[in-house]
Amino acid sequence: MSADLLVTNATLPDGRTGVDVLVANGRIVNVAPRIDATAAKTVDAHGYLLTPPFVDAHFHMDATLSYGLPRVNESGTLLEGIALWGELKPTLTQDAIVERALTYCDWAVAKGLLAIRSHVDVCDPRLLAVEALLHVREKVKPYLDLQLVAFPQDGALRSPGAMEQLKRALQMGVDVVGGIPHFERTMRDGAESVRLLCELAAEQGRLVDMHCDETDDPHSRHIEMLAMESLRLGLQGRVTGSHLTSMHSMDNYYVSKLIPLIHEAGVSVVANPLINITIQGRHDTYPKRRGMTRVPELMAAGVNVAFGNDCVMDPWYSLGSGDMLEVASMGLHVAHMTSQTGMRACFDAITVNGAAILHLEGYGIAPGNHADFVLLQARDPVEAIRLRAPRLLVFRAGRVVAQTPAATATLDLPGRPPTVDWMLRR
Ligand SMILES: [Zn+2]
C-alpha cells in the first residue's frame with residue numbers, strides 16, 4: 001500500500017502523545033506510536049495537538065456577513081434582529097447570499113471548521129436563500145460539510161405559507177426539519193408546530209433541529225413538548241433542541257424533572273454561548289441574566305450538548321470570525337466550566353458532540369475515518385482554548401487545505417531568550 005501522508009509525533013485530544021497518523025486515499029489507515037511506513041508527504045507535529053476538525057452545530061449562513069444591511073440592530077434584541085432580517089429579506093439576491101456564504105466558508109476552513117449545520121430561512125416564498133445555500137453546499141463539498149435545516153424564521157404556523165415552503169425546501173434537498181415554537185403566536189400554537197414538524201420528520205425519516213425557547217421567559221417550555229414528541233414518534237437520537245435559553249430562568253424543581261426527560265428522549269442540545277450571552281437578559285436591569293442553557297447540568301445527566309456559533313456579522317451579532325475556540329471559551333466562562341474536566345468538555349462541545357448531532361460519517365482520528373484533522377499550536381485542548389491557538393495545518397481527506405504560520409514573538413530583553421513560542425507554558 002502506498003501512503004499519501006504520515007503525521008508524526010502528535011498529541012491527541014484524549015491525551016495520547018507521540019502518536020503517528022498514516023493516511024491513504026483520503027482515509028486514516030493507522031493511528032499508533034512510531035508507525036514504520038513511508039508516505040508521499042511527512043509532517044512532524046512536534047508534539048502539538050492534532051484534533052478532529054471543529055464542528056459548528058448551529059449557524060445561519062443565509063444571513064452571515066450582512067452586518068449593517070440595511071441598518072444595525074440598535075436594541076441588540078432577538079426581536080429587533082428578526083425585524084431587521086425581515087427588512088433585508090426582500091432585497092436579497094441569490095448571488096449576494098452565495099458570495100457571502102462562500103467567503104464565510106473560506107474563513108471557516110482557515111479556522112479548522114470543516115462541518116457546519118446551517119439553518120436556512122424558508123419564510124421567503126421565493127426560497128432564494130434555500131436555492132443559494134443548496135448551491136453553496138455542493139460547491140464547498142470537497143472541503144466542508146454543510147448541512148442545511150429548513151428554518152421557518154417567522155413561525156411555521158404564524159407565517160402564511162411557511163409550512164408548504166418548508167416542505168418544498170425539503171423536496172429541493174434541504175436535509176433537516178427546523179422550527180421556532182417560541183415565535184408562534186401562542187404557547188398552544190408553539191406546541192402544535194412542534195407536533196406537526198416532528199410528525200413531518202418522522203414521515204420523511206429526517207433529523208429535527210428546532211430553535212426552542214430562545215427567550216428569558218421561564219414559562220416557555222416547548223423543549224418539554226419536543227422531548228415528548230421525540231419519544232412518541234421514536235425519534236430518539238435524531239432530535240436537537242437549539243438554544244433552550246428559557247431553561248436558564250426556569251424553576252429548579254421543574255428543571256429537575258425536565259432534564260431527565262430530555263435524556264430519556266435522546267434529544268441533543270445546542271447552546272450558542274456568544275449569542276446567548278449577548279441577546280438574552282436584554283429586558284433585565286440588574287442583575288442581568290446570562291441566558292445560556294444549563295450546559296454542565298445537562299452534560300452531567302448524559303445529554304449530548306454541543307456549542308454553536310449561531311451568528312457572525314449579521315442582524316443579531318456584529319462580531320465573530322468562525323472561530324469555534326472563541327465559542328468554547330465564551331461557553332466555559334458563561335457556564336463556570338473552569339475545571340480541567342469542564343474545559344475539556346467544552347472542547348468536546350465544538351468537536352465530537354457536534355459531529356454526533358450532525359450524524360457525520362467517519363469523523364474522528366481513528367483508522368477507517370476520513371483524514372480530516374487540524375494541527376494546532378497548542379499541546380492540549382485547554383491550551384487550545386486559552387490561546388485560540390493558530391491552526392498550523394488544516395487537512396481535508398489528507399490534503400492541506402489551509403495553513404497559518406506559528407505565532408512566535410522575537411524579544412529584545414536583557415538576559416531573556418530571543419523568542420517565545422506563542423505563550424505556551426514550557
Ligand atoms: Zn439560530
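Atoms considered below: every heavy atom in the structure, side chains included; atoms not considered: hydrogens, waters and symmetry mates. When a ligand or atom number is given, it counts from 1 through the structure's own listing order.
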Would you say the side-chain atoms of S249 and R289 include a donor-acceptor pair closer than 3.5 Å? yes
Within a strict 4.5 Å, meaning less than it, do heavy atoms of the L261 and I259 side chains meet? no
Atom name, D310 (N, O or S, nearest to the Zn ion (ligand 1)): OD1
Taking 2.8 Å as the cut-off, does an N/O/S atom of H119 lie below it from the Zn ion (ligand 1)? no
Atom name in H58, limited to N/O/S, at shortest distance from the Zn ion (ligand 1): NE2
Quick one: sort the H211 and H119 rings into parallel, tilted or perpendicular, breaks at 30° and 60°. perpendicular
Is there an N/O/S atom in H211 that lies less than 2.8 Å from the Zn ion (ligand 1)? yes
For the residue pair S242 / D209, report whether a side-chain donor-acceptor contact shorter than 3.5 Å exists. yes
Only N/O/S atoms count here: what is the atom of H60 closest to the Zn ion (ligand 1) called? NE2
In terms of side-chain heavy atoms, does H243 have a donor or acceptor partner in N276 at a distance below 3.5 Å? yes
